[in-house]
Amino acid sequence: MAAFGLWLLTTPIWLIGITLYGGMLVAALAGWLLRGGRKRKAPPKPDDKDAKEEGSEIGYIVSAVMGLLALLVGFTFSMAVDRFDNRRSMVLAESNAIGTAYLRTQLIEEPHRSAIGNLLRDYTENRIALAREPRGPKQQELLARSNAMITQLWSRLVDAYPAIPDHEFASIYIESINEMIDDDAARQQSRRSHVPLEVFVVLLVYQFVAAGVFGYVLSGERGRLTAALLLVLFGSALLLIIDLDRATGGGVVEDNRPMLELLETMKAQPPGSFGSANAAPSAGP
């Protein structure tokens, strides 16, 4: 199961698509051959009552297979979308937390202001790179650097605390740093949260079973065309679910514009650039 989960998270979507559609094609062909062999053994008679009843039963089977497959796909799609929405909302929450901490850092004295402010800027830049990096050794390296920066940030805060005379502000400032660290942990967990592998296993198996059933019960050019269209649609939905379930490296990922805009603001307004002495002159007469 662990190997299967790693395969789902790291294999390119196009290769998963080839595997999925190839498996469904093989299953549909097996069903078609099985039906052909059965007809050769016992060809139906024109007035065969059992054949008519079998045709009616086949209609019920196709409807049941399609209904259950649609239910499974819809259920899994909902789970993947919920996780995607959670990751997307975490981007804005983390961006706001870092921005608040950065602004409050401007209220403490040097050299702590520049040390913590520059560290927050580097941390934001690393978080953006981490969000873009697909699963692999490079991602683990960026994650380790992010965790090291959190430790370094708290160490800088410990050094700066005695230099903050207002204890009420110190408490508020520490709270903003804590919120940023909490958002970091929450975002890491959101990236580790995926649709359970057992759900994907059941869905894949049922896709192949459904393909075999369609190949068996749907005959003729029109029936085969209908079966092919249904399998393509359900296969596309499954590929979209797999893509949504990937935190990084997929085609559908969370929007990182809040973090990018925050980084631009930090670079445009470095530590020490705030305050009336550094404000831009007004355009008055």
Side-chain angles (χ1 to χ4, degrees), residues 86-134 137-192 247-248 253-285:
N86 182 52
R87 294 195 303 268
R88 184 172 56 181
S89 63
M90 288 301 302
V91 176
L92 181 59
E94 185 178 36
S95 173
N96 289 336
I98 297 174
T100 300
Y102 183 77
L103 291 177
R104 291 178 179 174
T105 300
Q106 310 312 310
L107 300 177
I108 63 178
E109 298 293 335
E110 292 287 3
H112 308 294
R113 176 172 57 207
S114 294
I116 297 178
N118 291 331
L119 183 58
L120 287 172
R121 182 196 60 207
D122 295 341
Y123 175 78
T124 303
E125 196 167 8
N126 186 76
R127 296 296 289 176
I128 293 172
L130 181 61
R132 293 173 172 174
E133 187 66 29
K138 179 64 175 177
Q139 186 190 66
Q140 295 301 315
E141 179 183 338
L142 291 171
L143 182 59
R145 187 180 177 212
S146 177
N147 294 334
M149 284 182 173
I150 288 291
T151 303
Q152 186 180 0
L153 175 63
W154 193 256
S155 178
R156 294 284 188 181
L157 181 60
V158 170
D159 294 337
Y161 184 80
I164 303 176
D166 189 342
H167 291 290
E168 183 177 355
F169 170 73
S171 299
I172 296 175
Y173 182 55
I174 292 174
E175 182 182 351
S176 65
I177 298 294
N178 277 333
E179 183 178 356
M180 189 193 78
I181 295 174
D182 291 343
D183 285 340
D184 164 66
R187 197 172 180 195
Q188 288 190 36
Q189 180 58 34
S190 70
R191 286 180 177 151
R192 291 191 293 264
T248 57
V253 294
E254 64 267 19
D255 189 0
N256 275 283
R257 276 182 294 181
M259 295 290 285
L260 292 170
E261 292 172 356
L262 174 62
L263 181 61
E264 291 176 1
T265 301
M266 287 178 167
K267 290 181 176 180
Q269 298 174 336
S273 63
F274 295 89
S276 58
N278 300 309
S282 62

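One is the number of the first residue; the rest follow in order along the sequence.
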Checklist line | Exceeds 12 heavy-atom contacts within 6.0 angstrom, atom CD of E168 | finding: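 It does not: E168 CD has 12 such atoms or fewer within range.
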Notebook entry, point to check: Counting heavy atoms not belonging to R156, are there more than 12 under 6.0 Å from its CZ?
Noted result: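 No, not enclosed.
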When rounded to the nearest 0.5 angstrom, what is the spacing between [atom1] in [X] and [atom2] in [Y]?
X    : Y    : atom1 : atom2 : result
N147 : R145 : CG    : CZ    : 12.0 Å
H167 : I174 : NE2   : CD1   : 10.5 Å
Q139 : R132 : CD    : CZ    : 14.5 Å
L262 : E94  : CG    : CD    : 9.5 Å
S176 : I98  : OG    : CD1   : 11.5 Å
R127 : R187 : CZ    : CZ    : 5.5 Å

Notebook entry, point to check: Is the shortest side-chain N to carboxylate O distance from E133 to K138 below 4.0 Å?
Noted result: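 Looking at K138 together with E133, the answer is no, because their closest N to O distance does not fall below 4.0 Å.
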Checklist line | Residues K267, E264: salt bridge by 4.0 Å N-O rule | finding: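 Looking at K267 and E264, the cut-off is not met.
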Any donor-acceptor pair under 3.5 Å from [X] side chain to [Y] backbone:
X    : Y    : answer
S95  : V91  : no
S89  : N86  : yes
T124 : L120 : yes

Item checked: Criterion side chain to side chain donor-acceptor pair (under 3.5 Å) on R191 and Q188, from CA distance to verdict -> CA-CA 5 Å; R191 286 180 177 151; Q188 288 190 36; over 6 Å; no
Which pair of non-hydrogen atoms, one from [X] and one from [Y], has the smallest distance, and what is that distance?
X    : Y    : answer
A97  : M180 : CB-CA, 3.9 Å
I177 : L153 : CG2-CD2, 4.1 Å
N126 : L142 : ND2-O, 3.1 Å
G117 : P271 : CA-CG, 3.9 Å

Next item on the list: Can you sort out the partners of R121 under salt bridge (Lys or Arg N to Asp or Glu O under 4.0 Å), two or more places apart, ordered by chain and number?
Entry: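 Scan of R121 (salt bridge (Lys or Arg N to Asp or Glu O under 4.0 Å), adjacent residues dropped) gives none.
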Please list every donor-acceptor pair under 3.5 Å in which a side-chain atom of residues 100-107 meets a protein atom from a residue at least two apart or in another chain.
residue: T100; atom: OG1; partner: N96; partner atom: O; Å: 2.9
residue: Y102; atom: OH; partner: Q269; partner atom: O; Å: 2.6
residue: R104; atom: NH1; partner: I172; partner atom: O; Å: 3.2
residue: T105; atom: OG1; partner: A101; partner atom: O; Å: 2.6
residue: T105; atom: OG1; partner: Y173; partner atom: OH; Å: 2.8
residue: Q106; atom: OE1; partner: G272; partner atom: N; Å: 3.4
residue: Q106; atom: NE2; partner: Y102; partner atom: O; Å: 2.8

Margin query: I'd like to check the side chain to side chain donor-acceptor pair (under 3.5 Å) partners of D183; sequence neighbours left out, ordered by chain and number.
Written below: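 Side chain to side chain donor-acceptor pair (under 3.5 Å) check on D183 returns nothing, list empty.
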